[in-house]
Student: 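Structure in structure tokens, see below.
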Amino acid sequence: MPKTSLSINIIRCFNTIFFYLAICNFNFHVYAQKVVFRDELTRFSGGKPITFDPTNTNDKPTAQILQDMFEGLTRIDRNGKVIMAIAESYRVENNNKTYIFKIRANAKWSDGTQVTAEHCALPIKRLMNPNISTVVGFSAYPILNSKKVFEGKLPQKMLGIQILNPQTLVIKLEHPFPHFLELLSSINYVCLHPRSYDKNGKFIEHFPTMSNSAYQIQTFEEDKYIILEKNPYFYNADKVQISKVTYFFTEDILSQINMYLTGQANITSANISSEDLPYLENKLVDNQVQFNPSNDSVLLMINTSIEPFKNNPKLRKAISLVIDRRDLAKRVLSKPEYKIFDIVPYNIEDYKVYIPDWALWTYEKRIIEAKKLMKQAGFEKKHLKIKIKYNYYPDNNKIALGIAEMLEKHLNITVTLERQEFKNNIQDVRKGNYQISINKFYPNYIDAIEYLSILKSNHKENLTFMHDKKFDALLDKASKENDYNVRNKLLQAAGKRGLENYTVIPLLNYVSKYLINYDLTGYTNEDSYIKLYSQDLYFKKMVIPQ
């Protein structure tokens, strides 16, 4: 965003002069002043919640709301660092394979009852319950015996969880896992109240009636909004300055922007598009657009379970070759350096990202090679028609139009675009009801293995249905490796192997953008998760003349 224009500065200067004349009544007799504290926040989740069951959540809109209501043993702070939450402390034993957590004595549910170690063990037990269909159960595999329990090969009592007493929880791992505390901070591991679940562990409430974090539900209007009120029993309640939070489910970013500009909301979802920036330049006096580099990868996902992509890696590679990622990054982010060829973004510590040999070719050479591959794939004379689905997330439409233009121009592929609501898009992709889809991947923790796992056979996030036994073996070996350097080399080998199947085509490392009131603070641009917990936010005090 450009600096404020000279004319706007002049107007602001006159407004300031008039303001001081008013409070001095032109005779320099200063009136009494009143300090006003605002404590009600209106914001957007970015979409309708798909479920209120934290253990079964893996979409951004739902997680955004639930993170205000629930905490686990740890959480992410405003700087993107792991801090203690329901646990007040922990220690590690047994060569970094045993974690012992001490539950806060003042950690309570919204009815005033104590949060116990059993409540914090419940999400792990649910994730590993083979009778409950969770979409993220695989994430708990570092925990001792979790995979065998999840597959029904061992009883749940063999799971590496031990409750020493109501305030002490022990979690044992299969092998040292450097990102374990980070993993526990995700929404899937928040402590749960047994009241919300039946005897088999299934979620039974329309929405949670109990919460253990800063807020609890006051009002829920299906398909429209949810209102949260401060939880007086929250262990950190005295530091929470926002007493009421309203989340609108509005997906359309232009509607969010207009509600923000007219004072109906204080912060948008982190979904501002680059297409919206010129419009905002003419509407905002101050630069209220925040740019936040994220850990999210924008991916083109190809359904390899159906024709024409089934058993046709040459066709998939041809499509990858003609997608000019640098051009997309420039169009969408104005930052061509944010193009990626690996699912794993550039900022992952010690991991060397995969860059194919052809990425160094000229674009013209890539097009020639792509046309050869199309011919070999059986599409020299046969005309190919495909449909690309995508949701309303920022810039997806611009990305889809760019890809369609490249495929039609260089490979003579007829492309139909279908824009969907977030919920419908994710449901279609999960069911395999798509040919190609543009989606973001949101990691639970920042580690290369978390990203690469979406290519693993039988992994619930493997939505392209890729099956490569050698890739699976490399990833399994890396997950058990204690030597960090050896582990990274295995992950890099796995990344190369998996990406050369061309079932997932990485496009961009995303930079999120959102609008936030100039007097709303308590956040930084250092959190690549972009959590923006309501409990961390607060309004600067306002001084009003009386």
Side-chain angles (χ1 to χ4, degrees), residues 45-76 82 85-87 101 103 107-111 113 115-129 131-140 143 146 150 161 169 171 180-198 200-217 220 226 228 231 233-235 245 247 249 422-423 426 430 442-445 450 460-461 529-535:
S45 60
K48 303 170 189 174
I50 293 177
T51 175
F52 279 109
D53 179 4
T55 320
N56 213 15
T57 295
N58 74 329
D59 67 282
K60 207 86 165 188
T62 306
Q64 182 70 59
I65 295 169
L66 292 182
Q67 73 177 19
D68 276 354
M69 299 170 57
F70 296 97
E71 284 192 357
L73 297 165
T74 65
R75 79 172 179 96
I76 302 294
V82 181
I86 294 298
F101 295 93
I103 308 299
K108 296 182 178 180
W109 292 98
S110 49
D111 67 347
T113 57
V115 179
T116 69
E118 177 62 45
H119 299 159
C120 297
L122 181 56
I124 299 174
K125 291 179 178 179
R126 293 192 70 240
L127 284 169
M128 292 298 100
N129 187 336
N131 298 318
I132 300 174
S133 181
T134 63
V135 297
V136 289
F138 58 87
S139 70
I143 297 171
S146 57
F150 189 63
I161 303 176
L169 177 65
I171 303 178
F180 188 57
L181 294 178
E182 199 173 347
L183 173 64
L184 293 178
S185 73
S186 76
I187 194 65
N188 309 122
Y189 290 85
V190 297
C191 306
L192 303 173
H193 198 288
R195 180 186 299 177
S196 299
Y197 304 89
D198 66 16
N200 297 314
K202 293 185 177 180
F203 185 66
I204 57 176
E205 294 190 311
H206 180 52
F207 58 81
T209 56
M210 301 284 285
S211 65
N212 68 357
S213 191
Y215 301 96
Q216 58 188 340
I217 295 178
F220 173 50
I226 190 168
L228 307 179
N231 172 15
Y233 292 103
F234 178 48
Y235 66 84
V245 183
Y247 276 103
F249 303 150
F422 181 89
K423 185 175 182 178
I426 198 65
R430 290 198 177 286
Y442 311 102
N444 283 310
Y445 55 93
E450 168 76 347
K460 287 200 173 185
E461 286 297 292
Y529 287 103
I530 317 176
K531 291 285 190 179
L532 293 171
Y533 292 93
S534 297
Q535 65 169 287

Student: Starting at CG of Leu184, measure out to OH of Tyr445 and round the result to the nearest 0.5 Å.
Tutor: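 It comes to 11.0 Å.
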
Student: Please state whether the rings of His193 and Trp109 are parallel, tilted or perpendicular, taking 30° and 60° as the class boundaries.
Tutor: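 Geometry flag for Trp109 against His193: perpendicular rings.
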
Student: Do you know which of Ile171, Thr55, Asn188, Leu169 makes side chain to side chain contact (heavy atoms under 4.5 Å, CB included) with Ile124?
Tutor: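 Among the candidates, only Ile171 passes.
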
Student: For the residue pair Glu71 and Asn212, what are the closest heavy atoms and their distance?
Tutor: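 Shortest heavy-atom contact: N-OD1, 2.8 Å.
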
Student: Between Leu66 and Val190, is any pair of side-chain heavy atoms under 4.5 Å apart?
Tutor: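 No, too far: nothing below the 4.5 Å cut-off.
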
Student: Any side-chain heavy atom of Phe422 sitting closer than 4.5 Å to one from Pro61?
Tutor: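 In contact.
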
Student: Using the rule given for side-chain contact (heavy atoms from CB on, under 4.5 Å), can you reason through Tyr442 versus Asn58, listing the C-alpha separation, both sets of side-chain angles and the distance that settles it, and then say yes or no?
Tutor: CA-CA 8 Å; Tyr442 311 102; Asn58 74 329; over 6 Å; no

Student: Side chains of Asn56 and Thr51: is there a donor and an acceptor less than 3.5 Å apart?
Tutor: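 No.
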
Student: Parallel, tilted or perpendicular: which describes the rings of Phe207 and Phe220, with under 30° parallel and over 60° perpendicular?
Tutor: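 Aromatic pair Phe207/Phe220 classed perpendicular.
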
Student: Shortest non-hydrogen contact from Cys191 to Phe70?
Tutor: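 Reported closest heavy-atom pair: O-CD2, 3.9 Å.
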
Student: Kindly compute the distance separating NZ (Lys423) from NZ (Lys48), expressed to the nearest 0.5 Å.
Tutor: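 So the NZ of Lys423 and the NZ of Lys48 are separated by 7.0 Å.
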
Student: Hey, is the main chain of Gln216 close enough, under 3.5 Å, to the side chain of Asn231 for a donor-acceptor pair?
Tutor: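 Answer holds: no.
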
Student: Are more than 12 heavy atoms from other residues, nucleotides or ligands located less than 6.0 Å from atom NZ of Lys531?
Tutor: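 Counting other residues, nucleotides and ligands, NZ of Lys531 exceeds 12 neighbours.
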
Student: Using modelled atom types only, decide if a donor and an acceptor are shared between the side chain of Thr74 and the backbone of Leu181 within a distance under 3.5 Å.
Tutor: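 A pair under 3.5 Å: yes.
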
Student: How far does CZ of Arg126 sit from CG of Asn131, to the nearest 0.5 angstrom?
Tutor: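 CG of Asn131 is found 12.0 Å from CZ of Arg126.
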
Student: Considering all heavy atoms of both residues, which atom of Ala63 and which atom of Ile187 are nearest to each other, and what is their separation?
Tutor: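 Taking every non-hydrogen atom into account, CB-CG2, 4.2 Å.
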
Student: The criterion is side chain to side chain donor-acceptor pair (under 3.5 Å); which residues satisfy it with Lys60, sequence neighbours excluded?
Tutor: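 Lys60: no side chain to side chain donor-acceptor pair (under 3.5 Å) contacts found.
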
Student: Would you indicate whether the side-chain heavy atoms of Leu73 and Ile103 approach each other to under 4.5 Å?
Tutor: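 Yes; the side chains approach each other to less than 4.5 Å.
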
Student: Could you go through Arg75 and Glu182, starting from their C-alpha distance and side-chain angles, then the distance that decides it, and tell me whether this counts as salt bridge (Lys or Arg N to Asp or Glu O under 4.0 Å)?
Tutor: CA-CA 8 Å; Arg75 79 172 179 96; Glu182 199 173 347; over 6 Å; no

Student: Does the side-chain contact (heavy atoms from CB on, under 4.5 Å) test come out yes or no for Tyr235 and Val115, once each step is laid out?
Tutor: CA-CA 10 Å; Tyr235 66 84; Val115 179; over 6 Å; no

Student: When rounded to the nearest 0.5 angstrom, what distance separates OG1 in Thr62 from CD1 in Ile426?
Tutor: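 So the OG1 of Thr62 and the CD1 of Ile426 are separated by 10.5 Å.
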
Student: Taking it one step at a time, do Ser534 and Tyr215 satisfy side-chain contact (heavy atoms from CB on, under 4.5 Å)?
Tutor: CA-CA 9 Å; Ser534 297; Tyr215 301 96; 3.7 Å; yes

Student: Rounded to the nearest 0.5 Å, what separation is found between the CD1 atom of Ile50 and the CG atom of Asp59?
Tutor: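 With rounding to 0.5 Å, CD1 (Ile50) is 4.0 Å from CG (Asp59).
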
Student: Please tell me if the side chains of Gln535 and Gln67 come closer than 4.5 Å, counting only heavy atoms from C-beta onward.
Tutor: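 They are not in side-chain contact.
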
Student: Which atom pair, heavy atoms only, marks the closest approach of Tyr233 to Asp111?
Tutor: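 Looking at all heavy atoms of both residues, the shortest contact is CE1-C, 4.0 Å.
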
Student: At what distance, to the nearest 0.5 angstrom, does CD1 of Ile65 lie from CD1 of Ile217?
Tutor: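 Between atom CD1 of Ile65 and atom CD1 of Ile217 there are 8.5 Å.
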
Student: Are the side chains of Phe52 and Ile226 in contact, using a 4.5 Å heavy-atom criterion?
Tutor: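 When only atoms from C-beta onward are counted, Phe52 and Ile226 do touch, with a gap below 4.5 Å.
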
Student: Could you tell me which non-hydrogen atom of Pro54 sits nearest to which non-hydrogen atom of Tyr197, and how far apart they are?
Tutor: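 So the minimum-distance heavy-atom pair works out to CD-OH, 3.7 Å.
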
